[in-house]
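Below: one structure, written as C-alpha cells.
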Amino acid sequence: MAGFLDQIEPLKQTAIAELRAAADLAALEQTKGAWTGPHGQFTALMKQLGTLSKEEKPAAGKLINAAKVEIEAALVSRRGELELKAALPKEPTDFTLPGRRRALGKLHPLTQVTDDIVRAFRKIGFAVADGPEIEDEYYCFDALNTPADHPARDSQDTFYLASKTGGISSSPAGAGEGWGEGSGEKPFLLRTHTSSVQIRVMEKQPPPVRIIVPGRVYRRDNADATHNPTFHQIEGLYVDKNVTVGDLKGTVEFVFRELMGSDVKIRFRPHYFSYTEPSYEIDFTNALVKKMGKDWLEIAGCGMVHPQVFETVGYDPAVWTGWAFGFGIERIAMLRYGINDIRLFYENDVRFLRQF
Ligand code: DAH
C-alpha cells in the first residue's frame, strides 16, 4: 500500500511537467494520451486501485482523484496557452508599418451641389418644398397654363403611366404617397420639371410663398453627353406683394456668386414659358466659361408668374406678384467641376466619384 501511495506524487509531477513542456497542440494531445488515455501511465495507476483492500481504498482514492484534478488543470491551462500562441501572427509584428485607413464614403457630386444651392437660398429665407415624381398631368402642365394642345408640351415629352393607377403602383396614392390623389381625372406621368410643385404648394398655402424645390425629373430624351432621360432640377418660387424682375435678378446673382465665386456674371435673355410673363432664359459666365471658349452658357429658365397661374390656384393676381425659376443641377455641377459628359454622374464608377 505504501508503495502504491508513494507512486502517485512523482507520477503526477512528471505528468504535469511533461504537459507544461508540450511545444504545440498536437504534442499536448499526445502527452495527454500517454498519461490519462486508456493505456496511459496514470490510468494504469488508477486501475491498480481495484487491487487494494477495502481499508486502503478510501485514502488512496482520495489522493489519486486530487492528483487527477491537478493534471487536468495543467492540461487545460497549457491548451489555453498553446491555442493563443497558434492564433498569433507567425511573423513578428512591425509596429513601424503605417496603419490601415478606413475608407470614408462621401456625398455624390450632384448631392453636394444641391446642398450648396439649398444652403445659399436658406441664407435669404427660402424653405425647401417637395412633391411627387409620379405626377398628374394637371400639375405638370394644365395648371401651369400649358393645355394639351400647347406646342410647349412637345419639348417636354415624358413617360406616361398606362392607367391612372399606373403599371407602377396599385393605388392612385402611388402618384406620391402623402401627396393626395392628383386632380382626379388626368393621367399620371413622370414629371418633366419641378415646376409642378409650384402648383401643389400654392394650392395648399396662402401667399406669401418663398420656396425652393430640388428634385428628380424625367424626359423622353436619348442619353448623350449633355442629355439624360432623368436629371435633376431646382425650382424656386417667390410670391409676395410688389415683387419685381429686379428681385429675381438680384436673387439669382447672389446664389450664383455663392456657388461659383464672385467673378460670376448673369444675363437675362427674353424667352417664352407658358407659366411666366415676361419670361427669360438666364445666361451665366465666369472665367471657367471663357476658358471653355464660350461667352455665355444658358443655365436656367425664369420669369414673373403668369396671372393665369395665380387664378388657377386661387391667388388674386391683382394683389399678388411673384417670380419663378428652374435650374438644371447637372449643368451647374458640370460647370463647377469641369465635367464634359452628364452620363458620368449616373454610372457610379468610384474612380469618378472619388474625385469630388
Ligand atoms: N420648367 C422649366 C424647364 O424645365 C424651367 C423653368 C422656366 C422653371 C421658367 C420656372 C420658370 O419656374 O419660371 O425647362
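We count ligands from 1, going down the list as the structure has it; atoms in each ligand are counted the same way.
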Please determine whether any non-hydrogen atom of E281 lies less than 4.0 Å from an atom of ligand 1.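 Under 4.0 Å: no for E281.
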Ligand 1 contact by Y275, heavy-atom criterion under 4.0 angstrom: yes
Which ligand 1 atoms are under 4.0 Å away from a heavy-atom of [X]?
| X | result |
| --- | --- |
| Q233 | 3 (C), 4 (O) |
| S195 | 1 (N), 8 (C) |
| R219 | 3 (C), 4 (O), 14 (O) |
| Q156 | 3 (C), 4 (O), 14 (O) |
| T276 | 13 (O) |
| Q198 | 12 (O) |
| F273 | 7 (C), 9 (C) |
| G303 | 13 (O) |

Carboxylate-amine/guanidinium proximity below 4.0 Å for [X] and [Y]:
| X | Y | result |
| --- | --- | --- |
| K123 | E258 | yes |
| R153 | E137 | yes |
| E253 | K265 | no |
| D341 | R343 | yes |

Please report whether ligand 1 has a polar contact with [X], defined as an N or O pair separated by less than 3.5 Å (distance criterion only).
| X | value |
| --- | --- |
| T192 | no |
| F325 | yes |
| A324 | yes |

What protein heavy atom sits nearest atom 8 (C) of ligand 1, and how far off is it? G326 N, 3.3 Å
Nearest to atom 12 (O) of ligand 1, what protein heavy atom do you find, and at what distance? E235 OE2, 2.5 Å
Have T51 and Q48 got a donor and an acceptor in their side chains that come within less than 3.5 Å? no
Let me confirm one number: the CZ-CZ distance from F159 to R220, rounded to the nearest 0.5 Å. 7.5 Å
When rounded to the nearest 0.5 angstrom, what distance separates CG in D283 from CZ in R269?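 D283 atom CG to R269 atom CZ measures 4.0 Å (nearest 0.5 Å).
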Counting distance only, does the side-chain N/O of R257 pair as donor-acceptor with the main-chain N or O of V264 below 3.5 Å?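 Between the backbone of V264 and the side chain of R257 there is a qualifying donor-acceptor contact (under 3.5 Å).
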Checking the side chain of S279 only, and the main-chain atoms of Y272 only, is there a donor and an acceptor separated by less than 3.5 Å? no
Do the ring planes of Y275 and H193 sit parallel (below 30°), tilted (30 to 60°) or perpendicular (above 60°)?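 Answer is perpendicular, since the angle exceeds 60°.
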